[in-house]
Every structure is written in structure tokens, then in C-alpha cells.
Amino acid sequence: MKTIIEPFRIKVVEPIRMTTREERAHLLEKAGYNVFLLHSDDVLIDLLTDSGTAAMSAAQWGAIMRGDESYAGSPSYYRFRDTVREIFGFKQIIPTHQGRAAERILFSTVCEPGDVVPNNTHFDTTRANIEATGARAVDLPIAEGLIPSHVHPFKGNMDVEALSELIAEVGPERVPLVMITVTNNTGGGQPVSMANIRAVSEVCRTHGIDFYVDACRFAENAYLIKLREHGYADAPLPDIVHEMFGYTDGCTMSAKKDGLANIGGFLATNDEELARDERDLLILTEGFPTYGGLAGRDLEAVAVGLREVLHEDYLEYRLASVRYLGEHISGFGVPIVQPPGGHAIYIDAAAFFPHLDPLELPGQSLVAELYLEGGVRSVEIGTVMFGTHDWETGKETASSMELVRLALPRRVYTQSHVDYLVEVIHEVWDRREAIGGFRFTYQAPTLRHFTARFEPSYRFAARVRGSPPCGELPDRVISTPPTEIIT
Ligand code: F0G
């Protein structure tokens, strides 16, 4: 078999500003060791997220010029609506500026305090929007999904038995909807099988509960069904997508992922009455129903992107590049969430640094090292993001997993960028035993990962700054906000 090449040529380029290790050590320290606080032109390879970071095609840029900016009834909306209808099969299409706006409108329309919303694993904005209504967000991943090294083709699946038990326990009237996230981002970018979607839909039908999809990475999930699930190898992608969504009652979508756009999203349903209530809310906070917080040109870019993302050459290259990164680094021993999923490689930082306690923030250490070594920006999905701080006792509680996500923006980096990444990770892997942990010096009461500041433990500090060992690591959280870096 020949090399799977990038199925595009490059017409427009953005220069990457090279930095030295010394510069990066200084920039990292200035940012309080929080890579969210770096300026992005100080980053060589930015793997912070695959959201809104795609390179658009010539066809998308062309469509942008056709964008009609009428407040009401824009033809750009109708092109967008018809594309979404055709691909997903829903009738009522409500545009929103991004995924979380669709979530807020959906959940504040259907949830009451005390309700329960199950998901394979809620993304953080989904959880937060459910909890903001007084309802409870419950994660029901299959057991295999929680063991990073365990190989299973559909680790994103929902535990169907646990779903039935939960419905029996709280009563179907307390469950306004069941949601499934494709691919399961928080659970390692892992796909959900068609069989699982079908089984969850049967449980929902039995109890008269609506079934929704968090559809952000629907095309990657559909292609993984084609590659991994019996009976789908020869099925055209649009048919797989139709079948997936045909079992459900609606979806929320962030077009910043598999819409191949820099902004955009939508909420979809077949329920006319529900859609009417949702549109009323849309007008209140997003905009008139034919633009929903987007410019006409954004609607055009999404409409074209949603078709391009289903090209099989594109998806073959997309999944091959994620797999290429995963296989190369696991080849020299780096522990990753197996098997490689759709949009990212997740390194198991707890296994990467077995000498570090979770409260020494091993994921944060790896994130800092990758930046220092090669200017690579990744994101911690572990104790920094999901651990908790008790403000009365000062006690920190760790998260159940310590992952570092390397999310690949769509159509942005080439194979030599990925080869460079592999080299950077190799360097860090080779000296992993000499790498120390971190502690918080500042954290906000909510969503602390975005603005936290850290202090390295002695081993890291010794290498970066030549400072002497400072011994054991007492918890040190200074609660007064430091001077803001983002102004
Ligand atoms: N659902 C999932 C599964 C997501 O991954 C995201 C965003 C959202 C909903 C919210 O969409 O950002 O358009 O409001 N994930 C990004 C990420 C931020 O980096 O994984 P949004």
C-alpha cells in the first residue's frame, strides 16, 4: 500500500514563528506555566484544540463571498438549512454561533430542576449547561472506556444496562432526554458503534424518552463505523450518517469541528412545537432564526464544510494522521489511550510519570515539557481540569484519569509536522524520570484550568531555572487573582 497523502494542495500559508528553548522557558514562566495564557504566535505546533482551527477550502472561501447578510430570510440560511436537512435528516434546523449555544437553548427548554440527563460522557459545556438548569448530568461510559490501555473498537459506547438501571431508579418522567456524544471527546475521542446507538434508541423508545446526539465529530465517528463495525465496510458515508441520526430525535452540533468551519453550530429536531419554543429563546440571545448569531457568510462556510467533511479521501487521511502519531509514539513506549480515535491522541500522563502523585499534576508537567522541548501546545485533561479544591480545608482531590490531549486541527499540519511532534515527544519520554511535578499558586473557583497559575517542583525548576531543590510539595494555593495576562 502507498503512503496516504494529504488530499489537498496548499494555496495559502501562515508562517510559524520559530522560538528557542530559552525563549520558551521565559514565556512559560511568564504565563504561570499555563499554556492557555501563552500568545499563540509563541507556539510552533498548536494542538490545544481541533475546534474552530480547521483550514477552510477554496470552495468555502468562495462561498463566503456569496454570503448574504440580510437580517431575515437570507438565501445563505436556506442553503445551510437544506444541507443540514439532507445530511442529518432532521426537519427543524436552528443555527447557533457554536455548540454550547445550541446546548443552552436545548437544555433550558427541556430540563427542570431535579431532572437527569445521561450521556456516554458529557463534554464540560454540555454538563455545565445541564447543571445550570438544576438538572443532573450523568456519565455512563462502558467500563472498557475508562481503561486507557484497553483496546476496544468502540470505547465511546454507552453502558446500555446502566442506562436502563438509571431510568428505573429515577423514573422515565425525570429523564427529559438521553444524549450520546460522537465521538466521545472526554473519553479519548473514541467512537460509538451503530449497534450501541441502536440499543440506546430502543431503551429510549421503550420509555418514551427523546434521544439526542452531540454531533460535533459525526463524520469521524461514521468513518470509524465504516472501518471497524461489521457490515459497514462498503456502505457509503452519507448512508451511515443517515442511519446514525435516523435512530434519534435531534442533535446539537458545533460546526467548529466536523463542520470544517471557524465558527458555527446548530440545534436540530423533528418536533415542531419544541422548535418553536427554542426559536423564541434563540431570538432572545442569539439572533433571528435565519442567522442565529452567525453572519450569512459563516452559514455558507458551514454548508460547504459539512459536505467536504464526508469525502472519504479526506477522512482516510484524517484518521491516518491521528493513527500515525499514536502508533509512532506508542511504538517507543509512550502510554496512550488505545486505540487511536478520531481527532486526537491522548497520552496517559499518570503512566508516563509513574513517580508523580496525581496531586503533583503529571498532566500539567507533560504539557509544560512539550512546550519547553518543542513549542508544542497541548491540553491537560486530568486533575487540573477535573480535580477539585475544597475551599474550607484546602484539600485537593485528583481526577480519575490524568490525560494530555494532542488534538489535531483539520487540514492544517502536514506529515513532517507530525514527525517533528514524534521527535519532541521522544525527547521528553527519554528523560521522563528526571521530570518533576507542579502545584497551583492560583486557581479560580470554577473552570480553574483556563486561568490557573502553577509553580514547578524542584526537579523541573532545577532544569529550567537552575534553582535549587525545594524539597517536598506542600499545597500552595494563593487565592488572590494574579495580574491578568489576557487584557
Ligand atoms: N460537545 C463536544 C463533544 C465538544 O467537544 C465541544 C467543544 C462542545 C460540545 C462545545 O462546542 O466549543 O462549539 O461551544 N469542544 C472543544 C474542544 C472546545 O476543545 O474539545 P463549542
Side-chain angles (χ1 to χ4, degrees), residues 103 116-131 135-170 175 177-204 209 211-218 220-221 224-225 228-229 244 247-248 251-252 257 326 335-351 358 363 379-383 385-387 398-405 407:
E103 292 161 10
V116 173
V117 180
N119 201 325
N120 45 354
T121 311
H122 290 277
F123 182 66
D124 53 12
T125 58
T126 321
R127 170 176 291 280
N129 275 299
I130 291 167
E131 289 173 351
R136 186 156 60 95
V138 179
D139 293 340
L140 300 175
I142 55 168
E144 292 88 337
L146 297 175
I147 310 163
S149 59
H150 187 90
V151 178
H152 180 291
F154 292 103
K155 276 172 105 171
N157 283 354
M158 178 179 271
D159 184 335
V160 183
E161 216 168 287
L163 174 66
S164 296
E165 284 167 15
L166 179 71
I167 295 170
E169 184 195 315
V170 302
V175 185
L177 61 91
V178 172
M179 198 165 214
I180 203 153
T181 305
V182 300
T183 57
N184 187 353
N185 182 14
T186 313
Q190 297 292 319
V192 177
S193 70
M194 192 71 86
N196 191 250
I197 295 175
R198 202 179 300 124
V200 171
S201 94
E202 276 161 22
V203 172
C204 291
I209 298 172
F211 179 25
Y212 271 68
V213 186
D214 177 339
C216 294
R217 299 175 179 88
F218 76 100
E220 289 164 6
N221 199 100
L224 286 163
I225 287 178
R228 296 182 185 171
E229 191 160 355
M244 284 167 66
Y247 294 120
T248 72
C251 73
T252 56
K257 285 84 169 173
I336 63 167
V337 173
Q338 291 284 7
H343 66 295
I345 290 298
Y346 294 66
I347 298 178
D348 179 354
V379 68
E380 195 262 14
I381 304 187
T383 293
M385 195 180 273
F386 292 122
S399 156
S400 59
M401 288 207 261
E402 301 295 337
L403 301 179
V404 168
R405 184 181 76 170

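- Looking only at side-chain heavy atoms (C-beta outward), V337 and Q190 come within less than 4.5 Å of each other.
- At least one donor-acceptor pair closer than 3.5 Å links the side chain of R228 to the backbone N or O of P153.
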Pair V213-M179, side-chain contact (heavy atoms from CB on, under 4.5 Å): steps then yes or no = CA-CA 5 Å; V213 186; M179 198 165 214; over 6 Å; no
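- Residues meeting the salt bridge (Lys or Arg N to Asp or Glu O under 4.0 Å) test with E220, sequence neighbours left out: R318, R410.
- Under the 4.5 Å side-chain criterion, counting only non-hydrogen atoms from C-beta, N157 is in contact with S193.
- Inter-residue side-chain proximity for M244 and V182 is flagged as met; some heavy-atom pair is nearer than 4.5 Å.
- Remark: F218 engages F88 in a ring pair (Phe, Tyr, Trp, His ring centres under 6.0 Å) (not counting sequence neighbours).
- Looking only at distances, no side-chain donor or acceptor of K155 sits under 3.5 Å from a matching main-chain atom of N184.
- Taken to the nearest 0.5 Å, the SG atom of C204 stands 6.0 Å off from the CG atom of L163.
- Using a 4.5 Å cut-off on side-chain heavy atoms (C-beta onward), V192 and F154 make no contact.
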Checking side-chain contact (heavy atoms from CB on, under 4.5 Å) for the pair T383/E402: CA distance, chi angles, key distance, verdict?
-> CA-CA 6 Å; T383 293; E402 301 295 337; 2.5 Å; yes
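- Residues E131 and R127 have side chains in contact (heavy-atom distance under 4.5 Å, counting atoms from C-beta outward).
- Between the E144 side chain and the V151 main chain, no donor and acceptor come within less than 3.5 Å of each other.
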Please step through side-chain contact (heavy atoms from CB on, under 4.5 Å) for the pair I209 and I167, ending with a clear verdict.
-> CA-CA 10 Å; I209 298 172; I167 295 170; 3.8 Å; yes
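- Side chain of T252 to backbone of E103: no donor-acceptor contact under 3.5 angstrom is found.
- Here the side chains of D124 and T186 are not in contact, with every heavy-atom distance at 4.5 Å or above.
- Side chains of V160 and V203 form a contact here, defined as non-hydrogen atoms less than 4.5 Å apart.
- None of I336, I347, D348 except one satisfies the side-chain contact (heavy atoms from CB on, under 4.5 Å) rule with P148; the exception is D348.
- F123 CZ to C216 SG: the interatomic distance, rounded to the nearest 0.5 Å, is 7.5 Å.
- Contact between I345 and G326 at its shortest, heavy atoms only, is CD1-CA, 3.5 Å.
- A donor-acceptor contact shorter than 3.5 Å is absent between the side chain of T183 and the backbone of N185.
- Y212 pairs by the side-chain hydrogen bond (donor to acceptor under 3.5 Å, both in side chains) definition with nothing, not counting sequence neighbours.
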Go through the steps for M158 and I142 under the test side-chain contact (heavy atoms from CB on, under 4.5 Å), then give the verdict.
-> CA-CA 5 Å; M158 178 179 271; I142 55 168; 6.0 Å; no
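- Contact record, A398 with P358: CB-CB, 3.6 Å, taken as the closest heavy-atom pair.
- Counting heavy atoms from C-beta outward, Q338 and P340 have side chains that approach closer than 4.5 Å.
- Residues passing the side chain to side chain contact (heavy atoms under 4.5 Å, CB included) test with S201, sequence neighbours excluded: F211, Y247.
- Scored by the salt bridge (Lys or Arg N to Asp or Glu O under 4.0 Å) test, R198 finds E243 as partners (sequence neighbours excluded).
- Formation of a donor-acceptor pair under 3.5 Å by the E380 side chain with backbone atoms of M385 is found in this model.
- For E229 (side chain) and A195 (main-chain N/O), a donor-acceptor pair under 3.5 Å exists by modelled atom type.
- Checked by atom type, the side-chain pair D214/H122 shows no donor-acceptor distance below 3.5 Å.
- Nearest heavy-atom pair across L140 and P118 is CD1-CB, 3.8 Å.
- With hydrogens and angles left out, the side-chain atoms of T181 and N119 include a donor and acceptor closer than 3.5 Å.
- Atom CG of D139 is separated from atom CG of D159 by 12.0 Å, given to the nearest 0.5 angstrom.
- Judged as a side-chain hydrogen bond (donor to acceptor under 3.5 Å, both in side chains), and not counting sequence neighbours, N221 has no contacts.
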